[in-house]
Structure formats: structure tokens, C-alpha cells
Amino acid sequence: MDGLSITLIGLGILLVLVLFAGAKTVPQGYNFTIERFGKYTRTLKPGLNLIVPFIDVIGKKINVMEQVLDVPHQEVITRDNATVTANGVTFYQILDAASAAYEVTNLEHAILNLTMTNIRSVMGSMDLDSLLSNRDEINDRVLRVVDAAVSPWGVKITRIEIKDIDPPSDLVDSMGRQMKAEREKRATILEAEGRRQAAILKAEGEKQAQVLEAEGRREAAFRDAEARERAAEAEAKATQLVSEAIAAGNVQAINYFVANNYIKALEKVATSPNQKLLMLPVEASSVIGAIGGIAEIARETFGAEKPVQPRATSRPPSSAPSAAPSPAQD
């Protein structure tokens with residue numbers, strides 16, 4: 001093999017080495033910075049890239065995917081002098097690889113310390129009750145402050161979340177007693193409100209019942225008055241008829257009127273609940289005569305023509321026997 005062939009082979013090998021030295025592959029999710037003689041020149045994107053071999057070198061390999069950073073526990077004193085322990089997480093993403101590589105040293109440490117400082121500032125400006133009940137507000141306030149602070153570094157803070165807020169054990173016990181007392185207070189208020197509502201409903205029900213009862217009594221009184229009015233009209237009409245009959249000289253009508261009232265009076269006396277023995281100087285012949293008068297009125301009313309039989313009277317027996325009839329004379 002002559003010298004020319006050896007030279008060509010050497011040049012070919014050198015060319016291959018130069019090509020390999022100038023071709024750079026960047027994986028997805030990363031950006032590489034290029035430095036020429038120690039100065040930043042450009043940023044390589046994911047894929048195949050060509051650089052000037054032996055002059056350009058890769059400076060920083062920057063991860064541009066979203067990353068999470070744990071914020072460790074730290075003590076925070078609230079505005080009302082309560083000491084709590086809090087921790088959280090921070091999500092961030094590098095948008096400018098060159099700024100992240102050359103504007104700050106140890107990017108993660110810087111973000112972590114900045115987040116912890118702002119968490120203490122935000123939580124320290126709040127009362128304990130607001131601190132425990134407004135985590136979303138704390139997250140938003142810390143996020144705005146930290147995101148504005150890291151913007152010159154080419155970093156975007158996507159989310160900051162407070163994971164745990166742990167008050168001291170004695171403070172937790174006090175809060176438990178306070179919550180129990182508050183719930184008992186609410187229960188007492190609700191129970192009193194229920195009794196009040198029940199009393200109101202009961203009073204309204206009793207009022208409605210009294211109104212309905214009064215209306216019922218009114219209706220019953222109206223019906224009784226109407227019945228008494230009808231009875232009085234009937235009695236007046238009967239009295240008018242009897243009066244007309246008496247004025248016409250009808251003795252039977254007089255007997256009927258007297259006998260009717262007489263029998264009613266006897267009926268009231270006989271049916272008295274306190275009356276056990278009735279002794280009246282009543283003449284049976286007078287009652288019988290009154291009843292006979294009633295019968296006469298009935299016969300005259302229905303047109304009966306049968307004469308009334310005279311009442312039989314008892315005779316006292318004679319003191320001497322009557323004389324025997326004399327024999328007939330021939």
C-alpha cells in the first residue's frame with residue numbers, strides 16, 4: 001500500500017470523527033446550551049443538531065419538563081401568635097433554558113428557599129382560623145409572589161400547594177373544645193327554635209279549633225233558634241185555632257185545651273228525676289171528662305155522628321127493700 005492510499009484512509013477516518021463530533025442529538029424534554037470558548041451562543045432543541053466540532057461545546061443540559069419540588073416542614077407564627085407547622089409542594093417549568101442556566105446558581109435551591117420564605121410571610125399575616133380555612137387563598141397569594149420573583153430566571157411556577165398545617169397538640173385540644181361548645185350552642189338554638197315553632201303552630205291550631213268551635217256553636221244556636229221559632233209558630237197557630245173555637249162557643253175545644261195542658265203538667269211532675277212518690281188530689285172523673293171532651297172533638301173533626309153514651313152514675317142502695325109487686329087482678 002502506497003503513501004497516497006494511507007493518506008486517503010486517514011482523511012476519511014478524520015472526516016468521520018469530525019462528523020460525529022459535530023452532530024448532537026437532544027432528547028425530548030431537554031434543551032442543551034452551546035458555549036463557544038466559554039460564552040453562550042445558542043440553545044439546541046430536541047432532535048438532531050449540528051455544531052462546530054472542537055469549537056462549540058455543550059454547556060448545560062436543562063430539563064424543560066414540569067417538575068415538582070417538595071417544601072419541607074417549617075414553623076410559622078400567625079398574626080394571633082399561634083405557632084403552626086406547614087409544608088407543601090411547588091410545581092415549576094423552565095421556559096428559557098439559557099436564563100435558567102446562567103441567571104441563577106442552583107435553581108432548585110433558589111426556588112425552594114423563595115417558596116418557604118413567602119409561605120411564612122403569607123401565613124404569618126393571617127389569623128389561625130383563617131389559616132386553617134383558607135388554604136386556597138394561601139396558595140394563590142404564594143403563587144403570585146413566587147412566580148413574579150422567578151420570572152427573570154426563565155421559570156414558570158405552575159402551582160403551589162400547602163399540604164399540611166399542624167397546630168400544637170394543646171391548641172388542637174382547645175379548638176376541639178371550642179368546636180364542641182359551638183356545636184352545642186347551635187344545637188340549643190335549633191332546639192329552642194323548634195320549640196318556638198311548635199308552640200306557634202300549636203297556638204295557631206288551638207285558635208283555629210276555637211274559631212271552628214265558635215262557628216259550630218253559632219250554627220247550632222241558629223238552628224236551635226230556628227227550631228224554637230218553628231215550634232212557637234206551630235204553638236201560636238194551634239193556640240189561634242183553639243181561641244177561634246172557644247170564641248165560637250165550642251165546649252169540646254175548651255175541654256181539649258184544658259185537658260192537654262193538664263196532662264202535660266202531670267207528665268212533667270211524674271217524669272221528674274227526684275220524684276219517687278206522687279200524691280195528688282186528682283179526681284178521676286175530671287180527667288175522664290177531659291178525655292171525653294177530646295173524643296168529642298175528634299168525632300166532630302172526622303164527621304162521626306154516633307151519639308155519646310151518658311156516663312153511668314152509681315146509686316146508693318136503698319135502706320128498705322122494695323115492696324113485692326102485687327099479684328095481678330083477675
Shortest non-hydrogen pair, V76 vs G124, comes out as CG1-N, 3.9 Å

Value for CG (L201) from CD (E206), rounded to nearest 0.5 Å, stands at 11.5 Å

Using the rule that Ile, Leu, Val, Met, Phe, Trp and Tyr join whenever any side-chain heavy atoms are under 4.5 Å apart, tell me whether V150 and V104 fall into a single cluster.
yes

Does NE2 in H73 sit with more than 12 non-hydrogen atoms of other residues, nucleotides or ligands closer than 6.0 Å?
yes

Mind checking whether V142 and L112 sit in one hydrophobic cluster, side chains of I, L, V, M, F, W, Y counted as touching below 4.5 Å?
yes

Which residues satisfy the side chain to side chain contact (heavy atoms under 4.5 Å, CB included) test with E103, sequence neighbours excluded?
S99, W153

Following the transitive rule for hydrophobic clusters with a side-chain heavy-atom cut-off under 4.5 Å over Ile, Leu, Val, Met, Phe, Trp and Tyr, establish whether Y102 and I62 coincide in one cluster.
no

Check this for me: does any side-chain nitrogen of one of E215 and R218 sit under 4.0 Å from a carboxylate oxygen of the other?
no

Write out all pairs satisfying salt bridge (Lys or Arg N to Asp or Glu O under 4.0 Å) with one or both partners inside residues 58-80, taking only residues at least two apart or from two chains.
R79-D127

Between V146 and I157, the two heavy atoms sitting closest are CG1-CG1, 3.9 Å

Check for a donor-acceptor pair, side chain of N87 on one end and backbone N or O of D164 on the other, with a separation under 3.5 Å.
yes

Partner set under salt bridge (Lys or Arg N to Asp or Glu O under 4.0 Å) for D56, not counting sequence neighbours:
R36

Apart from V26 itself, members of its ILVMFWY cluster (side-chain separation under 4.5 Å) are Y30, F32, I34, L44, I51, I58, M65

Are I138 and L131 close enough, and set up right, to give a side-chain contact (heavy atoms from CB on, under 4.5 Å), and what steps lead you there?
CA-CA 8 Å; I138 297 173; L131 188 69; 3.3 Å; yes

Validation row: R186, E182 side chains within 4.5 angstrom (heavy atoms):
yes

Which atom names give the shortest non-hydrogen contact between N113 and T117, and what distance separates them?
O-OG1, 2.8 Å

Under the salt bridge (Lys or Arg N to Asp or Glu O under 4.0 Å) test, residues paired with R195 that sit two or more places apart
E191

At what distance, to the nearest 0.5 angstrom, does CG of L132 lie from CG of N134?
9.5 Å

Remaining members of the apolar cluster that contains I77, side-chain heavy atoms under 4.5 Å:
none

Rounded to the nearest 0.5 angstrom, the CG-CD1 distance for L69 and I111 is 7.0 Å

Pairs in or reaching into residues 41-51: which pass salt bridge (Lys or Arg N to Asp or Glu O under 4.0 Å), with residues at least two apart or in two chains?
none

Excluding V57, membership of its hydrophobic cluster (Ile, Leu, Val, Met, Phe, Trp, Tyr; side-chain heavy atoms within less than 4.5 Å) reads none

Would you compute the distance between atom OG1 of T90 and atom CD1 of I119 and round it to the nearest 0.5 angstrom?
6.0 Å

Would the distance check show the side chain of S125 and the main-chain N or O of V122 forming a donor-acceptor pair, the cut-off being under 3.5 Å?
yes

Please identify each residue that fulfils salt bridge (Lys or Arg N to Asp or Glu O under 4.0 Å) with K156, with sequence neighbours left out.
D147

Quick one: does any side-chain atom of N139 pair with a main-chain N or O of I162 as donor and acceptor, under 3.5 Å?
yes

Who are the side chain to side chain contact (heavy atoms under 4.5 Å, CB included) partners of E233, not counting sequence neighbours?
E229, R230

Could you tell me whether Q93 atom CD has more than 12 heavy atoms of other residues or ligands within 6.0 Å of it?
yes

Considering all heavy atoms, the nearest N31-A97 contact:
CB-CB, 3.7 Å

Contacts of F91 that satisfy ring pair (Phe, Tyr, Trp, His ring centres under 6.0 Å) - sequence neighbours left out
none

Is there a path of hydrophobic side-chain contacts, each under 4.5 Å between heavy atoms of I, L, V, M, F, W or Y residues, that connects M116 with V145?
no

To the nearest 0.5 Å, how far apart are CG in L143 and CG in N118?
10.5 Å

R177: which residues meet the salt bridge (Lys or Arg N to Asp or Glu O under 4.0 Å) condition with it, sequence neighbours left out?
none

Drop me the distance from M123's CE to S121's OG, to the nearest 0.5 angstrom.
11.5 Å

May I ask you to decide whether E226 forms a salt bridge with R223, counting only side-chain N to carboxylate O separations under 4.0 Å?
yes

Restricting to non-hydrogen atoms, name the atom on A101 and the atom on T33 that form the minimum distance, rounded to 0.1 Å.
CB-CG2, 4.4 Å

So does F222 have more than 12 non-hydrogen atoms from other groups sitting under 6.0 Å from CZ?
no

Non-hydrogen atoms of P53 and G22 that approach each other most closely:
CB-N, 3.9 Å

